[in-house]
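Just so it is clear: chains get the letters A, B, ... in the order the sequence lines come, proteins before strands, and each one is counted from 1.
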2 protein chains.
Amino acid sequence: MAVMPPSARSPRRVTIPDVARHAGVGQATAARVLGGYGSASPATRERVLAAAAELGYSTNAVARSMISGRTNTLGVVVADVENAYFARAVRGITDVAVEAGLQVILANSDEDGEKERAAVQLFIERRVDGLVVTPSTARHDHLDRAVATGVPVVLLDRALRGAALDSVVADNRGAARAAVTRLTGHGHTRIATITSAPDTGDPDQPATGGDVWTTTERVTGYQQALRAAGVPRSGELIRHAGYRRCGARAAVLDLMTGPARPTALFTTDNVATLGALDALRDLAARIPGDVSVIGFDDAEWTTLIRPRLSVVSQPAQELGGLAARTLLRRIEGADTPPRRHTLRTTFVARESVGPAPSRVRRLRYEESS
Amino acid sequence: MAVMPPSARSPRRVTIPDVARHAGVGQATAARVLGGYGSASPATRERVLAAAAELGYSTNAVARSMISGRTNTLGVVVADVENAYFARAVRGITDVAVEAGLQVILANSDEDGEKERAAVQLFIERRVDGLVVTPSTARHDHLDRAVATGVPVVLLDRALRGAALDSVVADNRGAARAAVTRLTGHGHTRIATITSAPDTGDPDQPATGGDVWTTTERVTGYQQALRAAGVPRSGELIRHAGYRRCGARAAVLDLMTGPARPTALFTTDNVATLGALDALRDLAARIPGDVSVIGFDDAEWTTLIRPRLSVVSQPAQELGGLAARTLLRRIEGADTPPRRHTLRTTFVARESVGPAPSRVRRLRYEESS
DNA sequence: CTGTTAGCGCTTTCAT
DNA sequence: ATGAAAGCGCTAACAG
């Protein structure tokens, strides 16, 4: 049973020749029944299986990969699994992969292009069968190289302008437009947006990266909605608060106590939403009495607060699942032209949106209690 | 079968012989400089590197693993990455692993022992260097087998009675005791606990699995605190609400509108916390005026609600990091006896705990608005 | 320092 | 149906 060579670090594992010998058959025969290919008579089959069980044989997938050229592995690069959105996407990818008999190696880029490149490089060396990447920079030569090497790549959450790569993204612009249109529909004319999108200085031309940044797309949608509603736009109301929650909090604190106080808030990501609500809590602002709020991403806590938060909900898990399925198709050899899959988001109307207040109630900062 | 025709999408990658030929050196020499071992004269070194760059050579990690017996891979099995607690733990593992030059393959068990076994089996076949597992059943023969095969295993979040395996867990019992003691200290005598721990019928002997179930440990801590404070215990106040949020909500709805209404709630996991707060929101219960609440796990939203929620905070990321470090040490050959590492939790006092109300205010269900 | 030569464990001709 | 033997791309002895 337990054949443990004394104090061996790496007890030599049972191999096919071992099993073959034990079963009294040729190596190739044993390999055939254990590998489940070729054919063998029921009798030998039986003998080999018995021998394998007895010796505790287990396939060496590394050796198999060496020959087959396939590792049954998907490499996945996301910004950060701790972010609920990415966690859900990863779950979606993993489920589809496992279903197809593949496993997933996970890497976090922290929005750092270098980390992303390093991870992709390692993945290629490991001969993953395909790559799902949430790109963190507009550069994509490393991804192109992967494809050229024979490793298909599918972009998740963000498309890359000018890259011949499949991508699976949400309709960020449309989602933001729909959300902000709700706000204008309620008579709001001073609608602020809190975003992690980089500030380009030009409110009309939100970002350079094109469609890399989902949040940029959302700001664009915000602007389109305002324009469509004939609401004057103001750079004052677009706050680039960075990736940190406290940044968003500070921005909203400033906005709500300043001269150009908005009557509605639209956040373009869940971190911004948290920070904005932190600020409103500290100001004891009434929602939607003092200010209406629409968040992005339907986190588990959005129904917990009172009033429950109206949000744009992204199908994160489906995005991941579709990315994985697209990748699997490529791995199986599909060579249709790269395509962008845009998934619809849904607006979840709850109670945080109301009519624009006729008079503004003074708000002041109070230590939360 | 079907060895892909040369035209196909597995363009033969550049190998060491290719580089050697191109550089006009022997294969071993090229291998030495590319593999970064042995030695080579600066001149040849240069030539090889140039040739490699020119041809676009990239190491084949599979072939290397075949020889070295190491894959530089950790297998990780958690219940579900979508759960913020596990996401943080995975992040902790990944960070330590990457730092050490390893990558992480992720599998979700969904608390299903079969899925766990299947994942572990696959991991062994893939020759991962080590395994971090959040066990979902008390059986551990598959883990023992992994260790016997030479694949070290570290348990995360849950220890396994009678298993000779390293484990990294939180002090669940002590954490619960400390939390509930706060409650008794405020004069509460009817303290309910909402848990996903399985119901064993016997309030004194919470579960069979021993210390597998963290939530069971927490219930035990709850009971110890009550006993220590001389507060009478009642099975009525222990609600086994399962893994779903709505289960916890229903339990609290029932509890708070029933005859034996508690004045304080202690939830043993974040799903229970969400469900409990759902119920309290629907009952328009005042916290801590009507009921004090202590949750388990410090989620991002706990400071968002008003009053902010007092919680037991687990160092999820450190748990993961320590698990990974322990594993790395084993991989490097440490053969000290298996050890259980218990990490301290912290009680985060916020505003959801107050004195027991002298009179109970009638609560009734109202559609959330 | 460098080149030659065996394998790692498996799959796959190619005979038998 | 089965066995012998040739590699996959790399590392590691072992010469030179």
- Query: Has B:Arg64 got a side-chain N or O lying under 4.0 Å from the OP1 or OP2 atom of D:dG9?
  - Reply: no
query = Are B:Arg117 and B:Asp141 within salt-bridge range, i.e. N to O under 4.0 Å?
reply = yes
Taking any heavy-atom pair under 4.0 Å as a contact, classify A:Val25: base, sugar-phosphate, or nothing. sugar-phosphate
Practice prompt. Would you mind checking if A:Asp110 and A:Lys115 are paired as a salt bridge, meaning a charged N to carboxylate O distance below 4.0 Å?
Written response: yes
Judged by nearest nucleotide, the residue sitting upstream toward the 5' end of DNA chain C, B:Ser41 or A:Ser68, is B:Ser41
note: B:Gln27, atom CD; D:dG7, atom P; distance rounded to Å ~ 14 Å
A:Met66 CE to C:dT11 P, in whole Å, measures 13 Å
Regarding the side chain of A:Thr29, the nearest nucleotide among C:dC10, D:dA5, D:dT2 is D:dT2
note: A:Arg127, atom CZ; D:dG9, atom P; distance rounded to Å ~ 9 Å
Rounded to whole Å, the CD1-C1' distance (B:Ile16 to C:dG3) equals 14 Å
Can B:Asp129 and B:Arg330 be counted as an ion pair, charged N to O under 4.0 angstrom?
no
From CD of B:Glu125 across to P of C:dC10 the rounded distance in Å is 10 Å
When rounded to whole Å, the OH to P distance for the pair A:Tyr37 and C:dT13 reads 11 Å
Sorted by chain and residue number, the side chain to side chain donor-acceptor pair (under 3.5 Å) partners of A:Asp335 (sequence neighbours excluded) come out as none
Whole-Å distance, B:Arg21 CZ to C:dG3 C1', equals 15 Å
Closest to the side chain of A:Ala31, out of D:dT11, D:dC8, C:dT11, is C:dT11
Taken to the nearest whole Å, CG/B:Asn60 to P/C:dC8 is 18 Å
query: Looking at D:dG3, does its base get a donor-acceptor pair with the side chain of A:Arg32 below 3.5 Å?
result: yes
Check: Which is true for B:Ala28 with a 4.0 Å heavy-atom rule: it touches a base, it touches only sugar-phosphate, or it touches nothing?
Finding: base
Comparing nearest nucleotides in DNA chain C, the 5'-proximal residue of the pair B:Gly24, A:Tyr57 is B:Gly24
Does the pair A:Arg158/A:Glu111 count as a salt bridge with the N-to-O cut at 4.0 Å? yes
- Assign A:Thr44 to base, sugar-phosphate, or nothing according to its heavy-atom contacts below 4.0 angstrom with the strands shown. sugar-phosphate
- request: Answer with yes or no whether A:Arg12 presents, from its side chain, a donor or acceptor under 3.5 Å of a partner atom in the base of C:dG9.
  value: no
